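Data block below; observations after.
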Amino acid sequence: MGDRLAIIGGGIVGVAIARALVLRGFGDVTVFEKEDRLAAHQTGRNSGVVHAGLYYQPGTLKARLCAAGRISIRDYCAEKNLPYREVGKLVVAVDESELAALADIERRSLANGVPDLARLDGLDRLREIEPSVAGIAAVHSPHTAAVDYGAITEAMAEDVRSHGGTILTGHEVVALHIEGQTVRVRTRDSEYLVDRVIACAGLQSDVVAHLVGADPSPKILPFRGEYWALAAARTDLVRGMIYPVPDPRFPFLGVHFTRGVYDDVHVGPNAVPALAREGYTWLTISPKDTWDSLRWPGAGTLAKQHWRMGLDEISGSLLKPLYYRKARRFIPELRMNDLTSKTAAGVRAQAWGRDGALLDDFAVDQVGPVTLLRNAPSPAATSSMAIADHLIEHYVFARTTD
């Protein structure tokens, strides 16, 4: 096909879209990534979990694309001989106050077709799966898996190149000009004329949307998630993944234990406001990013709703004993010195509206020949190949056949 397509963003979603396009015969596909490597931000800094679809409201785009994406990622790893480990996930109710929310997760999981889901009641049943865990009930997802999303992204990028596509790292897009049915893409050093643009810019998605005059809402509010590494001599405390029952009042899951694809175990993440879009430590501060968040119309509403959670998360970030206390609820044998060091943090691109509401589902805008992926929260990495198929079917092909 003769269309020239540009993908903005070299995370797993952007590269998956480029790969899907070249495999469908679109030969002139170019990925623009501002960093000097692919998967530099959310893709390369997440927990590496392939989600099975336990939490998502049935019928939502997240629920549907997660189910399809899990299978695609599993099959792709098998095809490319990439590591894929079904270590399983146990979502644990520690006390009776969490049983209603656990039942809701079970209901959603069954509606979403989570394979081989099992409800477990009683500590003895839980400890058949996780011998060190504490709790009174749980749901177990045996096919929740761990992967290396950075390695998957690199393999997809090689597919793009081998089918005639181009990957340009170190090419930050600074301007987009819609000229009739074409788009002029300008980086700091050069210009490109293309027929369509698909922007998957993650933490910069609202910035890229602004380049084409899209609605400022939703805006990106960066949340940093920090992980502690579990001491190598104590990783036997966790066989797979141990997750809390999320509080439905809050948008984040809470601290959990995850065995990675390379057998490391990390504890986290928390969720603290980042002081920069790419603020991976408290010392990384962008006055502009912080001010933009504070003056957003929804800032007051969000702060009023979630200030207690925010204070609790910030305290746990700054004070290790508070973080440890949250983790120890699930593994009483855990000692504070088992949490050896903070590993590389990630920043989540959380989209929020003018009313202060945090967007939960995937969100897409269309401005002429430019498709904007405005919100792609977890499980976006799991869903990446399914997101690619969805965007191509409903946006790229739809416009091609207009």
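This is a predicted model, so every value here is computed, not measured.
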Walk me through whether Asp361 and Asn375 qualify under side chain to side chain contact (heavy atoms under 4.5 Å, CB included).
CA-CA 7 Å; Asp361 205 358; Asn375 191 42; 5.9 Å; no
Taking the basic N atoms (NZ, or NE/NH1/NH2) and the acidic carboxylate oxygens, is any pair closer than 4.0 Å for [X] and [Y]?
X      : Y      : answer
Arg308 : Asp312 : no
Asp121 : Arg125 : no
Arg354 : Asp215 : yes
Arg24  : Asp389 : yes
Arg239 : Glu128 : no

Assess the side chains of [X] and [Y]: does a donor N or O sit below 3.5 Å from an acceptor N or O?
X      : Y      : result
Arg108 : Gln57  : yes
Trp282 : Ser317 : yes
Asp95  : Ser97  : yes
Thr290 : Ser293 : no
Tyr262 : Asp148 : yes
Glu313 : Asn270 : no
Thr382 : Tyr149 : yes
His41  : Glu35  : yes

Would you give the length of the straight line joining atom [atom1] of [X] to atom [atom2] of [Y], rounded to the nearest 0.5 angstrom?
X      : Y      : atom1 : atom2 : value
His266 : Leu339 : NE2   : CG    : 12.5 Å
Glu106 : His140 : CD    : NE2   : 14.0 Å
Leu193 : His177 : CG    : NE2   : 11.5 Å
Cys66  : Leu61  : SG    : CG    : 11.0 Å
Leu302 : Gln350 : CG    : CD    : 9.0 Å
Ile8   : Cys200 : CD1   : SG    : 9.0 Å

Evaluate Ser378 against His51 for side chain to side chain contact (heavy atoms under 4.5 Å, CB included), listing each step before the verdict.
CA-CA 9 Å; Ser378 178; His51 294 280; 3.5 Å; yes
Sequence neighbours left out, cut at 3.5 Å: what donor-acceptor pairs do the side chains of residues 328-337 make with other protein atoms?
| residue | atom | partner | partner atom | Å |
| --- | --- | --- | --- | --- |
| Arg328 | NE | Tyr324 | OH | 3.2 |
| Arg328 | NE | Pro332 | O | 3.3 |
| Arg328 | NH2 | Pro332 | O | 3.4 |

Please say which of Thr30, Leu168, Val183, Val197 ends up in a side-chain contact (heavy atoms from CB on, under 4.5 Å) with Tyr192.
Leu168
Can you tell which of Thr235, Val267, Val265, Leu230 makes a side-chain contact (heavy atoms from CB on, under 4.5 Å) with Asp338?
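So, applying the side-chain contact (heavy atoms from CB on, under 4.5 Å) to Asp338 and each of Thr235, Val267, Val265, Leu230, only Leu230 qualifies.
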Would Asp264 and Arg259 count as a salt bridge (Lys or Arg N to Asp or Glu O under 4.0 Å) here? Give the steps.
CA-CA 6 Å; Asp264 57 314; Arg259 180 171 289 275; over 6 Å; no
Dump the intermediate steps for side-chain hydrogen bond (donor to acceptor under 3.5 Å, both in side chains) on Asp159 and Tyr76, then the final yes or no.
CA-CA 12 Å; Asp159 291 341; Tyr76 187 74; 2.6 Å; yes
Heavy atoms from other residues, nucleotides or ligands near CD of Glu96 exceed 12 (cutoff 6.0 Å):
no
Could you tell me whether Arg325 atom CZ has more than 12 heavy atoms of other residues or ligands within 6.0 Å of it?
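Incorrect, the count does not exceed 12.
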Would you call the rings of His256 and Tyr243 parallel, tilted or perpendicular, where under 30° means parallel and over 60° means perpendicular?
parallel
Listing request: all salt bridge (Lys or Arg N to Asp or Glu O under 4.0 Å) pairs with a residue in residues 58-69, at least two apart in sequence or in separate chains.
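Salt bridge (Lys or Arg N to Asp or Glu O under 4.0 Å) check on residues 58-69 returns Lys62-Asp360.
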Would you mind telling me which of Asp3, Thr182, Thr371 makes a side-chain hydrogen bond (donor to acceptor under 3.5 Å, both in side chains) with Arg196?
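It is Asp3; the other options fail the test.
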Any donor-acceptor pair under 3.5 Å linking the side chain of Thr258 with the backbone of Gly260?
no
Taking the side chain as C-beta and beyond, is there a heavy-atom pair between Val92 and Val133 under 4.5 Å?
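Heavy-atom side-chain distance check passes, below 4.5 Å.
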